[in-house]
Amino acid sequence: MRLMRWPLLFLVFLAGCRYTFWPIVPAVAPPPEQVLVSARLEAAGNEVKAVITVHQVPRAGYLELRWYRDTDRLTERSFFVEKPAVLTATLPYRQGTYHRLVLLWAGTPVTVVSLGTPAVPEPKSPPEP
């Protein structure tokens with residue numbers, strides 16, 4: 001009886017040293033649910049052609065396009081996207097000014113592309129005493 005006790009205690013000790021989950025490494029992890037979008041702007045005269053490439057979307061939804069000149073919003077459009085695609089949009093453009101294209105998915109910006117150089121704000125003069 002006394003000889004049986006040591007192997008049993010040894011097995012209990014070994015069981016405490018093992019991993020408590022199985023398998024140690026998961027078989028396959030699902031891909032993350034994220035939006036992958038890229039864009040480029042091609043200026044031609046008074047217009048800009050925006051070429052938007054949708055690489056991955058987690059589900060069908062709307063990709064919002066917002067076009068700004070300096071701080072003024074000029075255009076807003078939405079594209080319904082279900083799968084990877086290439087989208088194009090023609091936007092107004094005035095040379096010599098700063099323009100910015102913002103692409104949003106579910107209200108969250110996913111890509112920002114700019115054209116031109118932003119102007120430095122004019123310094124404000126101090127108030128007169």
Hydrophobic clusters here meaning ILVMFWY residues chained together by side-chain heavy-atom distances under 4.5 Å, can you tell me if L104 and V112 are in one? yes
If you look only at pairs with a residue in residues 29-65, which of them pass as a ring-ring contact (aromatic ring centres under 6.0 Å, His included), with sequence neighbours excluded? Y62-F80
Is V102 reachable from V48 through a run of I, L, V, M, F, W or Y residues, each pair having side-chain heavy atoms under 4.5 Å apart? no
Heavy-atom closest pair, residues L115 and A43: CD2-CB, 4.2 Å
In short, V110 meets W105 closest at the heavy-atom pair CG1-CB, 4.0 Å
Looking at W67 and R100, would you say the former's side chain and the latter's main chain have a donor-acceptor pair under 3.5 Å? no
Would you confirm whether the ring centroid of H99 sits within less than 6.0 angstrom of the ring centroid of Y68? no
Side chains of L41 and L101, heavy atoms from C-beta outward: is any pair under 4.5 Å? yes
Smallest separation among heavy atoms of Q95 and G45, with atom names: NE2-O, 3.6 Å
Rounded distance (nearest 0.5 Å) linking atom CG of L74 with atom CZ of R66: 13.5 Å
I'd like to check P109 versus L103 (side-chain heavy atoms, cut-off strictly below 4.5 Å). Are they in contact? no
Does the distance from a Lys or Arg side-chain N to an Asp or Glu carboxylate O, for K49 and E47, drop under 4.0 Å? no
Min side-chain heavy-atom separation T111-S38 under 4.5 Å: no
Heavy-atom side-chain contact between V81 and L87 under 4.5 Å: yes
dist R69:CZ -> Y93:OH (nearest 0.5 Å) comes out at 11.0 Å
Using side chain to side chain contact (heavy atoms under 4.5 Å, CB included), reason through R77 and E64 one step at a time and then give a plain yes or no. CA-CA 6 Å; R77 284 183 66 182; E64 297 176 52; over 6 Å; no
Taking all atoms of both residues into account, what is the closest heavy-atom pair of A106 and R59, and its distance? CB-NH2, 4.5 Å
What distance separates T90 OG1 from E42 CD, expressed to the nearest 0.5 Å? 10.5 Å
Report yes if the side chains of V54 and L63 come closer than 4.5 Å at any heavy-atom pair, otherwise no. yes
Could you check L65 against I52 for side chain to side chain contact (heavy atoms under 4.5 Å, CB included), going step by step and ending with a plain yes or no? CA-CA 10 Å; L65 174 148; I52 304 159; 3.7 Å; yes
